[in-house]
Engineer: 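A single structure is presented below for examination.
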Amino acid sequence: MTAAPAEPASKVELPEGAGGGSVPSFDVTLRVRRYDPEVSDEVRWDDFKLTMYGTDRVLDALHKAKWEHDGSVSFRRSCAHGVCGSDAMRINGRNRLACKTLLKDLDTSKPITVEPIKGLPVEKDLIVDMEPFFQSYREIMPFLISKGHEPTKERIQSIEDRERFDDTTKCILCAACTSSCPVFWTDGQYFGPAAIVNAHRFIFDSRDDAGDMRLEILNDKEGVWRCRTTFNCTEACPRGIQVTQAIAEVKQAILARQF
Amino acid sequence: MPTKPAGTLYRGREGMWSWVGHRVTGVVIFFFLLVHVLDTSLVRVSPETYTAVIGAYKNPLMALGETGLVAAILFHAFNGLRVILVDFWKSGPKYQRQMLWAVLVIWVIAFAGFAIRHLSLALGGH
Amino acid sequence: MQVHKYDVVIVGAGGAGMRAAIESGQRARTAVLTKLYPTRSHTGAAQGGMCAALANVEEDNWEWHTFDTIKGGDYLVDQDAAEVMAKEAIDAVLDLEKMGLPFNRTPEGRIDQRRFGGHTRDHGKAPVRRACYAADRTGHMILQTLYQNCVKHNVEFYNEYYVLDLLLTEEDATREDGTPYKQKRVAGVVSYDLASGELHIFQAKSVVFASGGAGKVFKTTSNAHTLTGDGMGIAFRRGIPLEDMEFFQFHPTGLAGLGILLTEGARGEGAILRNSEGERFMERYAPTIKDLAPRDIVARAMANEVREGRGAGPNKDYVYLDLTHLEPEHIEAKLPDITEFARTYLGVEPFTDPVPVYPTAHYAMGGIPTNIKGEVLQDNDTVIPGLYAAGEVACVSVHGSNRLGTNSLLDINVFGKRSGINAAEYAKTADYVELPENPAGYTEALLEGMRNSTGTERVAYIRRDLQETMDANMQVFRDKDSLERVLSDIAVLEERYRNISVGDKGKRFNLDLLEAVELGFLLEIAKVMTVGALHRKESRGGHYREDFPERDDVNFMKHSMAYKDPSVTAQSSPDGVAGIRLETKPVIFTRYEPMERKY
Amino acid sequence: MSALPVIPEPRSTSVTGRIAPQYKRSRSPRTQFEMLAWLFMRLSGIVLVVLIFGHLTVNLLVGEGIHAIDFGFVAGKWADPFWQFWDLAMLWLAMLHGTNGVRTIINDYAERDAVRFWLKVVLYAASALIIILGTLVIFTFDPCPVIDGVRHVADYCPAS
Ligand SMILES: Cc1cc2nc3c(=O)[nH]c(=O)nc-3n(C[C@H](O)[C@H](O)[C@H](O)COP(=O)(O)OP(=O)(O)OC[C@H]3O[C@@H](n4cnc5c(N)ncnc54)[C@H](O)[C@@H]3O)c2cc1C
Ligand code: HEM
Ligand code: SF4
Ligand code: F3S
Ligand code: FES
């Protein structure tokens, strides 16, 4: 327990101009990849010219396109601040969350391209079928399994043991990692980084007793060995999870168990 | 059935491109190796045939090709060591980018050294 | 159209829905219908913590927790429910830990606890460490853990199925005192499959509503785009009353202009609020617990600072949350996400600069009335057999007129569990109620009407106008004029809503159509909220009337119950609003007498 | 780096159909094969660095470099069991390493099972052929062959 901080001063000098000034506006072209099998099998690019503001995100631009120009532009979203994992998409060629990508951080002199994530079947515009993704997740048994007696109170876990798997508990199942993985793109059979991350979260949880089973599952033809350390997953993860590191730890755990 | 959507190329970063390079060089080396074992086998046939075929390696064009091959082997080898470090060294994933730059630097140096020596030998002749 | 038959159908897969599903799924054949993938639910956005008097780090007991909850809710809390919640809180936290939730730990390895607004030791003496937490991602961990356990128990999910209607039947019955009444019974729900655009009927013995809040009636809100009050709207349209809808919580620390939440846990960890002059102004408003006063008080204090010209920024329209006196490592360890929000969305570095914040619409205290078993009430005391509600959509009421921080995550766990168990137990004994004739007729007409509407109004603009008037007139400060302005605005918007156009005519993933449907719920809910606020001529908890700044226990120490009633006309209604009938329901008292609320 | 990489479209969006119905991870009995292959790639890689660099240095850089390579050079090397062993190890490791690498690539990119199967058959056949051939050459190699009745003489030949 850290000691309670000293009582802060009742009054302080604030730095000049803290919190930023007024918000500039600018024009951007949003280029969205459109696909709707109900209308046509063709895929096309639609451009939307929009006036946006300095604090706007790509999600705001998509909303503007949908709400003011073409209501049929379809994409998923919910929380709008990077915690629900709904809106992973490929923005200027890279997987990101639309709600976490500020327009001003992109090159707005060129059109901003928005495409669905790769490797999962596209259903309509930016919406993909997430079922295969969740299927992999479910296969690694993503739940605590403990043998022995249930304690009457909580289980004891040291701060260090809790820290051991902290990174991988942050996953929001957005699929940005799995759908950025060149190995996953090939045939979609690879478990994918997200499933491994979620296995890692339990394998290294001191309270869990089924680590061996999960290692066994991932020691598979489609398991961890398919990872070729391309790091796309780590770069794509909006939660900053060290995905490749987690995969390496799982690989080592499998090896350690065998030898 | 949906037509193939003409998506853009994924803009991966160092990690992805180094892997692409690794894969491409791996295949190139593999096919060279097939040929190389075959031509070396010619020593079984007769010294003359072998020397004749090997002679082909000695013309400037082949020398260039061979230089390319060595470039591929060097990259594949150094990057292979990087991959191994990423897999087994605790801080490997953290420093993968720096290690790639190191690979490229060493690769350039090693390759330059080799190219100067090899090309002067191969092209310079006696 | 497909008809499915289940013992229990749960609407919503947020914290409340999944907690119910874990219980019900092990007892009866259960389906969970959710318009989002379960892990997308907004429970995942909750940050700060979940209170329970575990007493892991300092002396505490559930009775103090009950008291704090009741006082925090300005005595409009049903005290039996508050007792249940505070008592079962301890097991709720332990259950989650056993399911695998990775709580932060004390050096002894126990679940760590921290301070939170309004939670005190010994009836208000000093702040107490009661909130169990996992960094500033407690809600995320709860949502993930519950989903994980649903996977473990093979719960059947219907993802991206929007429930759009509740199927009720009515039969004649007589009360004990001999008066006749119509008893409602639940037959099932109608849902819309987003992927195919098909309607599916789910017939069920028990239905649990757990569809979350309605924050999107406001513009500046911490709530997700998808929190459009569907559950409340559906129930209301089917003649079920809505309780205490005028009470909406504004969370003090939303990122200025964006509404993205910075948890109260930040202040629990020592952050403080300052105005443009650098003054820690909460010292003036709540001398004892200062920045950790309940949310309504802090939010009002902030709005007041801004009104009196001590706001910061180019437009003087926000105040600062100051973390600069805290150790960076401490912040990084305890509040990693919110500091990232400040950096990502405002470009402010919280270690060195104060963060611009302003109150943001956060939580609906009101909702579908239930008793402590989670059973939905069709009037003050008649239960609708088989119909349950839990979570933000429900009003038990444990939050009264102002919810304490962390009590909602608690609410969804305690009452989610209760309604899950009760729904399954009821389904074991009950029979299916026969579906009404043409069960999907209403929904079909609604959808086709919108899809084929030839109007010109854009849904997005109507929604924007609604949100703007709500932000301007129904926020922290309200008075008769502002509320009447909202009502007249809504009347105009309702007219425009009849004349909308839907851009997407297709069947697959037609989110455009659903946004139009959702707007209907928003308009309905906003109106109920405003009428309630207009009628409640007092100030209490989250509801502050400038023309009636005092709490008035004589006339208003009671819940309000709003019914949809087409027979009410503008002339016959005391508030001049057609279509809504307002009644009251007594507050349940057990041990605590109302006192003045001072911190 | 040569030819710009073409990252193929995922199999799921191609004419073979959606993943969803096809999403059946082969429930083949679990073996350690993939793990061993993975380990082998790394171990053989490390050894190959030594072997190949040694090979390249001796063949291409020392002395007159490539000009020195002729029958005599090779014969001279293989007269020495040390180099015989060296080249043998290199042959086997490189071929197994390369074959396994190409196997991975075929697994990744061959879309249809039949194509995948036949590509692998060709790969294994070619590899086996090359390994056997190379091994034979190294072992049965006679540095001082008698061709058309004429004995090839060189200084590394045992005095006859
Ligand atoms: C930013 C933020 C921070 C918070 N922090 C805290 C905190 O620290 N402590 C605390 O106690 N509380 C906190 N709260 C409040 C608390 O998180 C919520 O009140 C609580 O999570 C609500 O849970 P729920 O299960 O009722 O609803 P939700 O989690 O919102 O879930 C609603 C579910 O209903 C489904 N649904 C909605 N409509 C339909 C429909 N028509 N058909 C089918 N399904 C539907 C959705 O798909 C979703 O699955 C916070 C809230 C916010 C917004
Ligand atoms: C010089 C020393 C070498 C080293 C250190 C080395 C290292 C490696 C490593 C570590 C891998 C695995 C990469 C991964 O899993 O992502 C690999 C793959 C591969 N190697 Fe080598 N290798 C060497 C030589 C060779 C040779 C001589 C060949 C050709 C015969 C070759 C062909 C391949 C191929 C085809 C792959 C597969 C590439 C892929 O799957 O992407 N390598 N190498
Ligand atoms: S690991 Fe990161 S990128 Fe992958 S699903 Fe989880 S949060 Fe998304
Ligand atoms: S992108 Fe794929 S190859 Fe491995 S490092 Fe990540 S899983
Ligand atoms: S909308 Fe929730 S993560 Fe972007």
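In what follows, chains carry the letters A, B, and so on, assigned in the order in which the sequence lines appear, proteins first and then strands, with residues in each chain numbered from 1. The analysis underlying the following values was restricted to heavy atoms, covering all of them including side chains, and did not include hydrogens, waters or symmetry mates.
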Engineer: Any carboxylate oxygen within less than 4.0 angstrom of a Lys/Arg side-chain nitrogen, looking at Glu14(B) and Arg82(B)?
Structural biologist: no
Engineer: Is a side-chain donor or acceptor of Trp107(B) paired with a backbone partner of Ala71(B) at a separation under 3.5 angstrom?
Structural biologist: yes
Engineer: Taking the side chain as everything from C-beta on, heavy atoms only, tell me whether Met99(B) gets closer than 4.5 Å to Phe78(B).
Structural biologist: no
Engineer: Looking at side-chain heavy atoms only, is the closest gap between Arg11(B) and Met16(B) below 4.5 Å?
Structural biologist: no
Engineer: Against chain D, label Phe31(B) side chain, backbone, both or neither, depending on which of its atoms sit under 4.5 Å from a heavy atom there.
Structural biologist: neither
Engineer: Counting C-beta onward and ignoring hydrogens, is there a side-chain heavy-atom pair between Val58(D) and Trp83(D) closer than 4.5 Å?
Structural biologist: yes
Engineer: Can you tell me which of Val27(B), Leu81(B), Leu33(B) forms the most heavy-atom pairs within a distance under 4.5 Å of chain D?
Structural biologist: Leu33(B)
Engineer: Sort by residue number and list every member of residues 35-45 of chain D having a non-hydrogen atom under 4.5 Å from chain B.
Structural biologist: Trp38(D), Leu39(D), Arg42(D)
Engineer: Counting a contact as any heavy-atom pair under 4.5 Å apart, which residues of residues 86-99 of chain D contact chain B?
Structural biologist: Leu91(D), Ala94(D), Met95(D), His97(D), Gly98(D), Thr99(D)
Engineer: Would you please test Tyr109(D) and Ile105(D) for side-chain contact (heavy atoms from CB on, under 4.5 Å) and show each step?
Structural biologist: CA-CA 6 Å; Tyr109(D) 297 129; Ile105(D) 296 177; 3.7 Å; yes
Engineer: With a 3.5 Å distance limit and no angle check, can you tell me whether His76(B) reaches the backbone of His22(B) through a side-chain donor-acceptor pair?
Structural biologist: yes
Engineer: Side-chain contact test, heavy atoms from C-beta onward, threshold under 4.5 Å: evaluate it for Trp19(B) versus Val83(B) and give yes or no.
Structural biologist: no
Engineer: Is there a side-chain contact between Leu74(B) and Phe53(D) (heavy atoms, below 4.5 Å)?
Structural biologist: yes
Engineer: Does a salt bridge link Arg23(B) with Asp108(D), judged by any charged N lying under 4.0 Å from a carboxylate O?
Structural biologist: yes
Engineer: Heavy-atom count around Tyr95(B) OH within 6.0 Å, excluding the residue itself: above 12?
Structural biologist: no
Engineer: Can you say whether Ile130(D) sits under 4.5 Å from chain B via the side chain, the backbone, both, or neither, judging by heavy atoms?
Structural biologist: both
